[in-house]
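Beneath this line is the structure, given in structure tokens, with notes to follow.
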Amino acid sequence: MTHQAVDLTNCDREPIHIPGLIQPHGALLVLQEPDLTIIQVSSNTLESIGHPPQDLLGKPLSALLAPKQIATIRQCLSEDFEHVNPLDISVKRAAKLLRFDGIVHRQNALIVLELEPKQKSQKADFVEFYQHVKGTITKIQKAPTLLEMSEAVVKEVRKVTGFDRVMVYQFDADGSGRVIAEDRVEALTPYLGLHYPPTDIPKQAKQLYTLNWLRLIPDSTYQPIALVPAHNPVDDRPTDLSLSVLRSVSPLHLEYLSNMGVGASMSISLIQDQKLWGLIACHHSTPRYVPYSVRTICEFVGQVMSVELANKEDHEDLDYKMTLKSLQGKLVESLSQSERFLDGLIQLDSNLLDLVSASGAAICAADQIICVGQTPPESELPALRDWIKTQIQHNQFQTRSLAQLYPAAASFKAVASGVLALEISQFHQNYIFWFRPEVLQTVNWGGNPTKPVEVTDDGETRLSPRKSFERWQETVQGCSLPWKPYEIEIVTELRSLIVGVILKQADDLATINLELERSNTELDSFAYIASHDLKEPLRGIHNYSNFLMEDYAAVLDADGVSKLNTVVRLTQRMEDLINSLLHYSRLGRAELSRQPTNLNEVVRQAIDTLRISQPQSSIEFRLPRSLPTISCDRTQISELFTNLLTNAIKYNDKAEKWVEIGFIEADRGDPEDPLLYTFYVRDNGIGIPPHHLERVFQIFKRLHTQDQYGGGTGAGLTIVQKIVERHGGKIWVESAIGEGSTFYFTLAARGQS
Ligand code: ADP
């Protein structure tokens, strides 16, 4: 015995569609148009149709068949031949008339005619076919589940064919297969529930199963029949027998069958979404021929079952699917009510897990990863996330044995052997991962799957399919329960729903912003128009009060004069207020004119002006370091500093007053970027009580009586705040009563320059 790393994937390369051989239970003729000239035949024509190959080759088909039959074949070729096969063909042999099922198909430019002798008892009539099929189809359709449908099918197929054993064999995602239904002769060992490795059915055999619905090997010990000549003369190549019903089978497959004790076999393809979903596999311990008409019934049953597959799978676990749907609804509802995608998901913790029957989940948003339930250790998650990101296709990735693909996962396979990942947004780095624990499973294989072949060393080393089909148990480790197709479907749907919610939230926000902008503009114009128009009658009142004072002072008594003086004073004050309002509303309406502005200069000028207006007061202005040059509206920023500095001096009763103007700088960035700086104006003044810290920014809000601290309209800080906000920044104040206040402000927002 030589030990080599070999398996039946060697079979994957075997060109089984051009074997140049057929099975002996019929004859094959390759014809060329237009005269249907016989250009290639199977070498058994003498035995099967009574004419040796050399009598047929080069002759038109009319030399063999009656004109009526030729006409049928020609008509068949112009139609969809699948619906006309089999043709009733008879060939004269001496005095006898031999009857055949003729099966015709086109292969590229060639026509292949296969003749299978009719059985004596055989009479194919439509009524009989219909009788057979009618009951079976009703059973298939009525079966409530996939399993019950499969059970009905194996029984029916066994009844019409008489095979010893009929099974429904379903392929798993990895190409291995499992017997999910079986009907058999009592004496045979059951194969139900057994698994078979992918190597048992090579790739190109699978390919042929999707081309042909049915494949029959009446005798697994047959001697193959060669075609003569070996290559067809048209293209000097072996004729492609992909669609031939007599095509010879790979010797490896025959050996496999005989090792399994199978004398005859038939398989019917089960196809879903153009892919081979499984097979109805029939075995007989001795050779067994199945006439074409019976095969047609089986083929039809296979087709009906194929159509019903999706239907039955849809109805499978209906309750579970309904629960998932309602969970999905809850999730979306909570998402749409929360402001951030993360919050909505986290709130739901157990629902999020139930959605796909997971035991843990990780929600990734930018640099944050939030865990729900049982997950791999948090320290492992960033690396796992970065790896999963590279695996995602069509927004998702799933595996039931993570450690096989990502070896680092071996350490946490107990909690996360299964991973289902959903990408919500690559740009925002939003992902949801669901985890499932390892579940040790026992798989019963029909023979040791790790030894699909045996190497015999009998002079030459030869591969042969495995001989042992003894039940072989394997305990599978590092695997979770599989993610079911509809669980994957539900998270894919969830993604579109989440994206929908996020888009809607963004839309709503944009509408609110627009609305806000519009109402702000309206308010500004209202304040502007109102204050502008109010000024005129106010001026009138003021002037007329003065006239009264000048012309009628003598007539009025002292009380009258004093009241008139109050009117004048109040109108003056009202004018001040209106002017402030007007100024404030102008600020809202004017375009910002940003330019590189040296704040040092701006502050120096403001200080100079203040010194001129208050020559008597001694104030120390402190500038710990030179202020930067930033992009801003020079006039407005100059007003901002003037206001803050005025207040700093005004609300200060210390003998030694000081004001400090400075800034705090972020770690790095462009020095001209205003985002980089938080400015401040600090004084050693009277301070502001904590509960007034925000109210000082309200318009006309003063914390003192009219005349205290040099009076004022109470609009100064409101204007300062407006200027800061127009620059995209923020302003706030920190203060301690009796010690002083510090006004902080920024002059830009992210995304703005
Ligand atoms: P005005 O100075 O015209 O009253 P402001 O809007 O500039 O209006 O200020 C509003 C109020 O905030 C002031 O009346 C004062 O009570 C308080 N305030 C402003 N700046 C300071 C400061 N630096 N120190 C203490 N209180 C201040």
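Both counts, for ligands and for their atoms, begin at 1 and track the order of listing.
Residues E380 and F412 have side chains in contact (heavy-atom distance under 4.5 Å, counting atoms from C-beta outward). The shortest distance between side-chain heavy atoms of D633 and T597 does not fall below 4.5 Å.
Closer than 4.0 angstrom to ligand 1 by heavy atom are N647, A648, K650, Y651, D683, I686, G687, I688, V696, K701, R702, L703, H704, G712, T713, G714, A715, G716, L717, S741, F743, sorted by chain and number.
At distances below 3.5 Å, not a single donor-acceptor pair connects side-chain atoms of R539 with backbone N or O atoms of H542.
Aromatic pair H704/Y651: centroids less than 6.0 angstrom apart.
Applying the side-chain contact (heavy atoms from CB on, under 4.5 Å) test between I578 and each of L534, D533, T713 identifies L534 as the sole match.
When all heavy atoms of F621 and I649 are compared, the pair lying nearest together is CZ-CD1, 3.8 Å.
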